[in-house]
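Numbering of residues begins at 1 and proceeds along the displayed sequence. Note that ligands are numbered from 1 as they come in the structure, with each ligand's atoms numbered from 1 the same way.
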Amino acid sequence: MAENTPPVIVWFRHDLRLGDNPALHRASQSGRPVLPVFIWSPEEEGEWPQGAAKRWWTHHALAKLAENLENKGSNLILRKGPALKTLRALAKETGAQAVYWNRRWEPAVIARDSEVKKQLKADGLEVESFNGCLLKEPPEVQNKQGKPFQVFTPMWKGAYDGWHPEAPWPSPRSIRSPGQWPKSEPLAGLKLLPAIPWDGTMRATWKHGEAAALDLADRFGREAAAGYLEGRNFPADFGTSRLSPYLASGEISPRQAWHAVLEATGLKPGAKLPGGVEHFFKELGWREFAYHLLFHFPHTHSRPLREDYDRFPWKNDDKALKAWQRGRTGYPMVDAGMRELWSTGWMHNRVRMIAGSFLVKDLIQNWLNGARWFWDTLADADLASNTLGWQWVGGCGADAAPYFRVFNPVGQGEKFDPAGDYVRKHVPELAKMPAEYIHRPWEAPPLVLAEAGVRLGKDYPMPLVQHDKARAEALAALATIRKA
Ligand SMILES: Cc1cc2nc3c(=O)[nH]c(=O)nc-3n(C[C@H](O)[C@H](O)[C@H](O)COP(=O)(O)OP(=O)(O)OC[C@H]3O[C@@H](n4cnc5c(N)ncnc54)[C@H](O)[C@@H]3O)c2cc1C
């Protein structure tokens, strides 16, 4: 093909990887030069532009993506949005006649992308979009009546049970470069990193890029997948994959995660799966369910699916909200979770449920306060999963935990962190507390507290609320919307 063959623009978004990337795969297979582009346009993400922890993650994921592209003889062009204007400018500068991308399913992004597609086509460009982020996309999945699912199990049984995703596509062997590269912003110019560095623990916790994601999936498959059914409940252990930030940025596709875990367990596709592995696939299914719901009920990122919860008499208590955010509620399991979140950008799922339930049911705070805080502090912040998680916790979503089922933060701690190791790691003030009292230090005899070096109310707070009373208050609040 001639040197001046027009390039195909590949617009990277939530798919920051070379492997199993349909848009990149198709573009490089076409034999044409490929122009990989990332456009930073937070103003086009509706009410949910990336929060601080996710921006931090995106910075590092982009650095790795650029490195991986350079290793293939290519490059990553960085630009600031808006997307349509930027893509048009790039097409003009480079003579590109095609733009490829992998689809995203957040409501504001669907609207933006539809417009971009329409306008670029009207400009005479070839525009193609692909499925690179989900096992099955929302329009492919429906119940027998042709309606969306609102309960997970029938969706899983109806559309995924016994189904296996095809093998992921490998990274392109080489990527043809355009004759000339257009100008790129420096990565630092996107200003994704915090101005005041708070990311020390995050840097020590995570490795970035698709190779790190595949390694982690492999480690999970070898060490934890078989025992996942039980192990996924114990936050002190490596019992879950911790792949969520990589899935959210697209450094790994769900199909790659599925296959990498299967391969690491030594099982062949089609083999009878041990319960743990099957359950891991089901959890990937919850991610699918989250996107299914957000697509069919696009208002739910900011409004409850169950409309009666619009009338819930939430409390406005800034002091209590701040204590929760900072991990100073006086309930060690809640505080450990909130501090794990703050320091690492991730929180174990069991503890997300405990800490979330505490905010909504013990502090009677609107679930949106929690969703917004998680959005800013989670490296895996994902609009669909965060919405589903918070509406599940708040009892106001599809297939949610009923509002009257209130997690007891002490009981949950004693059951799922029996030795107290998780609390000790994240709440160092309690490091010397014996397991017997670590989840309820206020019941410890003065001698035990003194030996552990804990002065309650000074080193570690007294409980912000009394759980039993708070529970009764939450149930009374629920009764008001039920009567109305
Ligand atoms: C209040 C609340 C908020 C949440 N916010 C988010 C969020 O913003 N982003 C996010 O990715 N997950 C969110 N979750 C879901 C879940 O907590 C995380 O996906 C999980 O903890 C990630 O850890 P892991 O990768 O080790 O999961 P694993 O147990 O290894 O599961 C594998 C993958 O399956 C998916 N998955 C697992 N559980 C769920 C679930 N309940 N819902 C949707 N997908 C799931 C994730 O992609 C996860 O990486 C939230 C849950 C709650 C209760």
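- Between Trp258 and Phe281, the gap from one ring centroid to the other is short of 6.0 Å.
- With a 4.5 Å cut-off on side-chain heavy atoms, Leu192 and Trp56 do not count as touching.
- In this structure, Asn233 contributes its side chain and Phe416 its backbone to no donor-acceptor pair below 3.5 Å.
- For atom 52 (C) of ligand 1, the candidate residues are Ala257, Gly389, Ala384, Ala224; the nearest heavy-atom contact is made by Gly389.
- Ring centroids of His60 and Trp206 are separated by 6.0 Å or more, keeping the two rings apart.
- Within 6.0 Å of CG in Asp310 there are more than 12 heavy atoms belonging to other residues, nucleotides or ligands.
- Residue-level proximity to ligand 1 for Trp375 is absent, since no heavy atom of it falls below 4.0 angstrom.
- Ring centroid separation for the pair Trp105 and Phe295 comes in under the 6.0 Å cut-off.
- If you run salt bridge (charged side-chain N to carboxylate O under 4.0 Å, His left out) between Glu45 and each of Lys54, Arg55, Arg104, only Arg104 comes through.
- Distances below 4.0 Å separate heavy atoms of Arg242 from the following atoms of ligand 1: 24 (P), 25 (O), 26 (O).
- Evaluated by nearest non-hydrogen atom to atom 16 (C) of ligand 1, the leading choice among Thr240, Val261, Leu216, Asn349 is Asn349.
- Of all the heavy atoms of Ala290, none lies under 4.0 Å from any atom of ligand 1, so neither backbone nor side chain is involved.
- Near Ala381, the atoms of ligand 1 lying under 4.0 angstrom from a non-hydrogen atom of the residue are 8 (O).
- In Phe280, the part holding a heavy atom less than 4.0 Å from any atom of ligand 1 is the side chain.
- For ligand 1, the atoms closer than 4.0 angstrom to any heavy atom of Trp346 are 22 (C), 23 (O), 26 (O).
- Taking a cut-off of under 4.0 Å to the non-hydrogen atoms of Asp380, the atoms of ligand 1 that pass are 7 (C), 8 (O), 9 (N), 10 (C), 11 (O).
- Proximity of Leu247 to ligand 1, defined as any heavy-atom pair under 4.0 Å, is confined to the side chain (atoms from C-beta onward).
- For ligand 1, the atoms closer than 4.0 angstrom to any heavy atom of Asp382 are 7 (C), 8 (O), 9 (N).
- Ligand 1 places these atoms under 4.0 Å from at least one heavy atom of Leu378: 5 (N), 7 (C), 8 (O).
- Near Ser244, meaning under 4.0 Å from any of its heavy atoms, are these atoms of ligand 1: 11 (O), 22 (C), 23 (O), 25 (O), 49 (O).
- Considering each of Tyr228, Phe238, Trp286, the one bringing a non-hydrogen atom nearest atom 31 (O) of ligand 1 is Tyr228.
- The heavy atom nearest to atom 34 (O) of ligand 1, considering only His348, Glu283, Glu288, Arg287, is found in Glu283.
- The closest heavy-atom contact to atom 3 (C) of ligand 1, among the options Asn386, Thr377, Ile252, Leu359, comes from Asn386.
- For ligand 1, one of its N or O atoms has an N or O atom of Leu243 under 3.5 Å away.
- Here is the list of ligand 1 atoms found below 4.0 Å of a heavy atom in Leu284: 33 (C), 34 (O).
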